[in-house]
Amino acid sequence: MQVKLHNTLTRQKEPVEGSLIRIYSCGPTVYNYAHLGNFRSYVFADILNRTLRLAGYQVQHAMNITDVDDKTIKGATELMQKHPGKFADLKAALAAYTEPYTQAFFEDLKTLNIVKFDFHPRATEYIPAMLDLVERLLAKGFAYKQDGSVYYRIAEKKDYGKLSRVDLEKNKTGTRYNTDEYDKDDVRDFVLWKAESKDGVHWHSAHGDGRPGWHLECSAMIHEIFKGGIDIHTGGVDLIFPHHENEIAQSEAGYGNGFVKHWVHCEHLLVDNRKMSKSAGNFYTLRDLLAQGKRPEVIRYFLLSAHYSQKVNFTADALHQAEASVEKFYSLWLRLNRVTPQQQAGASAFLKACADARENFTAELADDLNTPRALAVVHEYLRAANAHLDHTQEKPAAAEVEEIRRTLRHFDAVLALLELLPKVGVPPELQKLLDERNAARAAKDFKRADELREQLLKAGYKILDTKNGSHLEKV
Ligand SMILES: [Zn+2]
């Protein structure tokens, strides 16, 4: 099935063409734990990846790790000041500072069951490729040196601003920006290679000691990994300008045209209708939420439930709704373990409903990743399947049970909830049976304890008795 996506560059919905789709998603800057707003963007990248594969495309997906930029260097400098004499130089402190956050990021991706990316390039491992791009830009007249640094000359790129449609009237050519981030009112020449002193984080180069600018990193890594342009580039809307605009400027000028076919951007996450910020006290990392007892699959469901192009509002209520929806999904899945399938001949009308639900689910996602409509298909199906099981008095045809399982697995190819099920333990009603069984055992009522063990086994769980108590594990 052909997938269509809204392209930020053309402001139009366009088909994704080809069989192998190369995607690059801007990843985290590892100066802290990633927050919930970041994870909205990463879950969106995951929905894109999974949808393309469900629709029959092959996917190669890279997400970078920014481990050298203004923010990480600031953190490394503070770390070095805190531990005088511990690090040989600031570069060593930078590695020590970013590594735990990088590992934490990988763990967080796993927690939310985000598919493993094919490539996780770290900026510090691609310095030669970045210097090569600087050389190309200098040779073609798109860059110039000033005070030991190298800058991009935006006046030279006639279509600069085509992605963000930034107001070039305010173009301050000849004035330069040294920092990695700036806003739309400051369209200036930006730094490609930043001069650094011997005490700063630096690499040797023909242009003197320095380090890459943030924008340069992604352009060089994409070229190095994919050996050419890519099909889809994703990121949060806040990256459209200047980051992605500058990536286009560098890559098209340095390597030739054909950098990115499709730009897809994900909107912000709000918390209680406000922008998430540390100062407002509404700033959450994934770890904060888990520590509060929030469940990964509920957070994942919440993050994917809104269309990526809409702001999503994180509230206690929204999370409860997500929780209820996830429970419904799990509940049908577990119910299938308890039914008694009958070997019957003949076709069932319900099989057709299953096939239709699968097809509709994929079709809604293929239409610009419309997760709200895809979820509506899922919930309509959950209702229909439960009604069917009620109707057949828990004795459906074996082929129907298989088909319901197959349909839930089909949904799960994108929702990715079932793999999170064992980690979160078990539905409350089964937990209650376990408590009852433990109480029976403590009271030496072994007959009752065995009955409950059997009951749990029928529901698809076996009891594991350990030194730290007993718990349930999926069979
Ligand atoms: Zn980037």
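Just so you know, ligand 1 is whichever comes first in the structure, and atom 1 is the first atom listed for that ligand.
Of all the N, O or S atoms in His243, the one closest to the Zn ion (ligand 1) is NE2.
Backbone or side-chain N, O or S atoms of Cys26 reach the Zn ion (ligand 1) at under 2.8 Å. At a threshold of 2.8 Å, the Zn ion (ligand 1) has no backbone or side-chain N, O or S atom of His215 nearer than that distance.
A distance-only check finds a donor-acceptor pair linking the side chain of Asp118 to the backbone of His61 [under 3.5 Å]. Under the 3.5 Å distance criterion, the side-chain polar atoms of Glu245 are matched with a main-chain donor or acceptor of Gly161.
A distance of 6.0 Å or more separates the ring centres of His262 and His6.
None of Trp214, Tyr160, Tyr152 except one satisfies the side chain to side chain donor-acceptor pair (under 3.5 Å) rule with Asn246; the exception is Tyr160.
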